[in-house]
Amino acid sequence: MALTGRDKARLGGRRAVGLLAAGTAAVLALAAGGSVSQAAGTTPAQAAQESQTAAQAKKPKPTHTQIQLLAINDFHGNLEPATGSGGNINGIPAGGAAYLATHLKDLRAAAKAKGQDSVTVAAGDLIGASPLLSAAFHDEPTIEALNGMGLEAASVGNHEFDEGWHELLRMQTGGCLPDGDGQNNQNSCPDPKHPFTGAKFKYLSANVFFTNTQKTLFAPYTIKTFDDGQKVGFIGMTLENTPNIVTKSGVDGLTFKDEVETANALVPVLKKKGVKSIVVLLHEGGFPADPKAYNSCPGISGPIVDINAGLDPEIDAIISGHTHTAYNCSLTDKAGKPRLVTSASSFGRLVTDVRLSIDNATGDVDRVNTLANNQIVTQDVVQDRKTAELITKYKTLVAPIESKVIGHITTPSVVRTPDDSLESPLGNLIADAQLADPSVVSGGKAPVAAFMNPGGIRADLASTGGAVTFGQAFTVQPFNNFLVSMDMTGTQIKTLLEQQFSGVNGPEAAKYKVLQVAGITYTWNPAAAAGSKIVAGSIKIGGQPLVDGTSYRIVTNNFLSDGGDGFPAFTTATNKVFGGLDIDAFASYLTAHDPYTPVATDRISIGS
């Protein structure tokens with residue numbers, strides 16, 4: 001099919017290209033040993049199209065569909081990279097919303113290049129216990145950032161209830177709070193031109209019901225139909241124990257049901273809708289024996305093990321959270337088949353990249369060929385422009401809250417440097433603030449002693465000419481821990497005090513971790529053996545000797561309440577009630593005691 005120069009000139013433009021393509025296709029077909037039959041009136045282009053269609057018809061259809069599932073959990077409003085140990089994975093700096101957004105885009109682009117569809121989900125605690133940059137605006141900035149990252153569905157975590165379920169509904173639907181334009185160190189909708197419109201992604205919570213109506217707080221599940229018609233169902237599951245670890249008023253009128261029973265009951269519901277591939281977004285997790293093994297799960301323990309064992313084998317994967325640990329497991333379900341179970345640590349430091357392999361013949365997940373990878377959100381990529389601009393905007397808006405003077409101190413600073421007994425002036429101030437906080441009073445019963453971990457005091461309390469700002473106070477206590485009041489017997493308190501010098505906190509002096517206290521005094525003996533360092537008869541609460549069998553109401557933060565820093569005695573306490581944030585108690589105390597003068601460090605002494 002040779003063309004002369006005159007023919008080429010006459011067949012200019014797109015038509016010429018089409019004819020040349022058709023002619024080339026015909027030649028290639030013949031060269032390959034095929035035949036080109038052209039009926040009367042059939043153009044070369046039509047013949048080429050028919051030839052291509054015939055070739056595609058002979059090509060075998062793929063047996064599997066590969067779908068990318070990207071997952072995060074426990075973001076906790078960390079728009080900027082967290083500091084300290086919360087800002088890295090095995091020593092590699094990680095996290096930050098602008099970096100996370102870029103990694104998600106890159107991962108989706110890689111999947112698209114392979115012809116794979118993608119979906120992004122989360123397993124709870126995206127907000128709550130957040131840094132000031134997000135917390136000052138009721139976590140509205142975090143919701144906006146997650147909208148921009150393309151999140152599609154998320155289970156509700158326990159921290160989503162930190163400001164109550166009414167506020168959580170606002171997080172979904174939008175709207176502004178009349179909170180006094182920053183008067184209480186918070187400011188909803190600070191930009192009048194851009195009111196808060198709520199989450200574009202769907203919050204899911206299958207096991208949280210209104211007690212009076214038995215209707216779920218949010219939709220129990222969502223179904224994603226992909227381009228090739230494959231369906232994946234996502235069930236959202238909230239921590240059943242939520243009512244025991246959040247403020248009672250925040251969940252008033254709600255009932256939290258068993259995760260396993262709830263998920264299993266939804267399996268036939270989804271199957272009736274033609275869904276055979278099912279993923280649970282679960283806000284509960286486990287503890288691998290090696291916390292650094294973020295892409296495996298050696299010796300994993302905790303609630304996730306029992307939950308996996310109880311879930312219906314029709315559920316193909318579990319995306320989990322809550323424990324802030326990272327793992328990538330293949331656990332056996334009760335039918336003896338492998339099931340993917342993952343968690344992406346916390347604070348946006350990891351993204352779990354799952355390749356769901358779906359058998360096209362059955363529509364179900366082929367578990368053997370389903371893979372996952374926990375990828376570190378490194379900071380060596382270009383920050384996503386829109387997310388970075390959002391963070392810059394709120395950093396400007398938070399400045400008035402951050403710089404707000406909340407009180408004064410009569411010294412240039414209040415230091416965290418301890419004396420010989422390991423008691424510090426700043427530790428006393430924080431413990432006093434926790435003891436005085438009204439949010440932990442339960443049934444008219446106020447705590448009589450307070451305990452604060454020294455590692456949670458991140459800096460001296462600085463001032464500017466004696467004036468203390470909210471930002472300076474937040475620098476001292478940046479973790480947004482919740483205060484928890486509880487009952488402990490005299491015997492349990494003695495055990496607690498000995499744990500300051502034993503277990504992971506001893507027996508070497510360098511490991512000692514002496515809690516900062518209020519309402520309690522005692523003496524300890526550096527020369528005594530671990531387990532018997534507290535001098536007998538020296539412990540007093542409210543000036544009265546401690547009695548072994550007497551129950552005392554005490555207060556601490558939720559980190560210690562869970563046994564953190566090597567203090568398992570706290571986990572044996574009873575009647576726990578969650579109050580407000582530790583930073584709020586700290587700020588309120590400074591305002592109520594303005595100006596504040598550091599008190600003597602005479603609560604803990606050394607003797608024999």
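These numbers come from the heavy atoms of this one structure, side chains and all, not from hydrogens, waters or symmetry mates.
The environment of Lys393 atom NZ is dense: over 12 non-hydrogen atoms of other residues, nucleotides or ligands sit within 6.0 angstrom. The neighbour count for Lys334 NZ, taken as heavy atoms of other residues, nucleotides or ligands under 6.0 Å away, is above 12. Dense packing is recorded around NZ of Lys513, with more than 12 heavy atoms of other residues, nucleotides or ligands lying under 6.0 Å away.
For the pair Asp384 (side chain) and Thr387 (backbone), a donor-acceptor distance under 3.5 Å is present. A donor-acceptor pair under 3.5 Å is formed between the side chain of Asn264 and the backbone N or O of Gly310. When atom types are taken as modelled, the side chain of Asn147 and the backbone of Lys200 share a donor-acceptor pair closer than 3.5 angstrom. Using modelled atom types, no side-chain atom of Asp117 and backbone atom of Gln68 make a donor-acceptor pair closer than 3.5 Å. With hydrogens and angles ignored, the 3.5 Å screen pairs no side-chain donor or acceptor of Glu160 with any backbone N or O of Gly124. Not one N or O on the side chain of Glu163 forms a donor-acceptor pair closer than 3.5 Å with the backbone of Leu168. Not a single donor-acceptor pair under 3.5 Å links the side chain of Glu284 to the backbone N or O of Leu239. A donor-acceptor contact shorter than 3.5 Å links the side chain of Asn557 to the backbone of Leu560. Panel note: side chain Thr572, backbone Pro568; no donor-acceptor pair is recorded below 3.5 Å. Of the possible donor and acceptor atoms, one in the side chain of Ser439 sits under 3.5 Å from a partner among the backbone N and O of Gly580.
Across Thr556, Val555, Asn575, Thr574, a single residue satisfies side-chain contact (heavy atoms from CB on, under 4.5 Å) together with Met486, and that is Thr556.
Contact between Gly286 and Tyr327 at its shortest, heavy atoms only, is N-OH, 3.1 Å. Minimum interatomic distance between Ser485 and Val440 (heavy atoms only, all atoms of both residues): OG-O, 2.9 Å. Nearest heavy atoms, Ala326 versus Leu350: CB-CD1, 3.4 Å. When all heavy atoms of Gln477 and Ile583 are compared, the pair lying nearest together is O-CB, 4.0 Å. Across all non-hydrogen atoms, the minimal contact from Lys276 to Gly363 is CB-O, 3.5 Å. The shortest non-hydrogen separation linking Ala372 to Val354 is CB-CG2, 4.0 Å.
Side-chain atoms of Asn373 and Asn295 include a donor-acceptor pair closer than 3.5 Å. A donor and an acceptor atom, one from each side chain of Thr142 and Ser134, are located under 3.5 Å apart. Counting only N and O atoms by type, the side chains of Asp366 and Ser357 include no donor and acceptor under 3.5 Å apart. Side-chain contact of Ser205 with Thr238: a donor-acceptor pair under 3.5 Å is present, judged by distance alone. In summary, the side chains of His283 and Asp125 do present a donor paired with an acceptor at a separation below 3.5 Å, with no hydrogens or angles considered. Between the side chains of Asn207 and Asp258, no donor-acceptor pair is found at a separation under 3.5 Å. Residues Ser343 and Thr325 bring no donor and acceptor atom of their side chains to less than 3.5 Å of each other. In the model, Asp162 has a side-chain atom that pairs as donor or acceptor with a side-chain atom of His159 under 3.5 Å. Using modelled atom types and a 3.5 Å distance limit, the side chains of Gln500 and Tyr512 yield no donor-acceptor pair.
Ionic pairing of Asp316 and Arg339 is not present here: no N-O contact between side-chain nitrogen and carboxylate oxygen is shorter than 4.0 angstrom. Ion pairing between a basic and an acidic side chain is recognised when a charged N comes within 4.0 Å of a carboxylate O; Arg170 and Glu140 show such pairing. Ionic pairing of Arg385 and Glu389 is present here: one or more N-O contacts between side-chain nitrogen and carboxylate oxygen are shorter than 4.0 angstrom. Using a 4.0 Å cut-off between charged side-chain N and carboxylate O, Glu152 and Lys224 make a salt bridge. Residues Asp333 and Arg367 are paired through a salt bridge, judged by an N-O separation under 4.0 Å between the basic side chain and the carboxylate.
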Legend entry - Worked check of side-chain hydrogen bond (donor to acceptor under 3.5 Å, both in side chains) between Thr211 and Thr255: CA-CA 5 Å; Thr211 304; Thr255 298; 2.8 Å; yes

Legend entry - Evaluation steps, side-chain contact (heavy atoms from CB on, under 4.5 Å), between Cys329 and Ile300: CA-CA 9 Å; Cys329 306; Ile300 191 167; 3.8 Å; yes

Inset, instruction - Check the pair Phe567, Asn505 against side-chain contact (heavy atoms from CB on, under 4.5 Å), reporting the backbone distance first and the verdict last. - result: CA-CA 9 Å; Phe567 292 100; Asn505 298 327; 3.6 Å; yes

Inset, instruction - Apply ring pair (Phe, Tyr, Trp, His ring centres under 6.0 Å) to Phe137 and Tyr394, showing your working. - result: CA-CA 9 Å; Phe137 306 104; Tyr394 279 102; 5.1 Å; yes

Inset, instruction - For side-chain hydrogen bond (donor to acceptor under 3.5 Å, both in side chains), just list the numbers for Asn328 and Thr342, CA-CA rounded to whole Å, side-chain angles, deciding distance to a tenth of an Å, and then say yes or no. - result: CA-CA 5 Å; Asn328 181 3; Thr342 68; over 6 Å; no

Inset, instruction - Tell me, with the steps shown, if Ile376 and Arg349 meet side-chain contact (heavy atoms from CB on, under 4.5 Å). - result: CA-CA 6 Å; Ile376 298 177; Arg349 292 176 289 168; over 6 Å; no

Inset, instruction - Apply side-chain hydrogen bond (donor to acceptor under 3.5 Å, both in side chains) to Gln230 and Asn360, showing your working. - result: CA-CA 8 Å; Gln230 295 289 4; Asn360 290 336; 2.9 Å; yes

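Below 30°, between 30° and 60°, or above 60°: for Phe218 and Tyr203 the angle between ring planes is between 30° and 60°, a tilted geometry. Between His324 and His76, the ring-plane angle classifies as tilted under the 30° and 60° cut-offs.
If you take CG on Asp562 and OG1 on Thr571, they are separated by 9.0 Å, rounding to the nearest 0.5 Å. Once rounded to the nearest 0.5 Å, the distance linking CZ of Phe75 with CG of Leu151 reads 10.5 Å. Here the CG atom belonging to Leu133 is positioned 5.0 Å from the CG atom belonging to Leu79, to the nearest 0.5 angstrom.
Taking the centre and axis of the six-membered ring of Phe209, the NZ or CZ atom of Lys215 falls outside the cone set by 45° and 6.0 Å. At least one test fails for Lys576 against the ring of Phe578: distance under 6.0 Å to the centre or angle within 45° of the axis.
Contact check for Leu266 versus Pro220: side-chain heavy atoms found under the 4.5 Å cut-off.
Aromatic ring centroids of Phe161 and His166 lie 6.0 Å or more apart.
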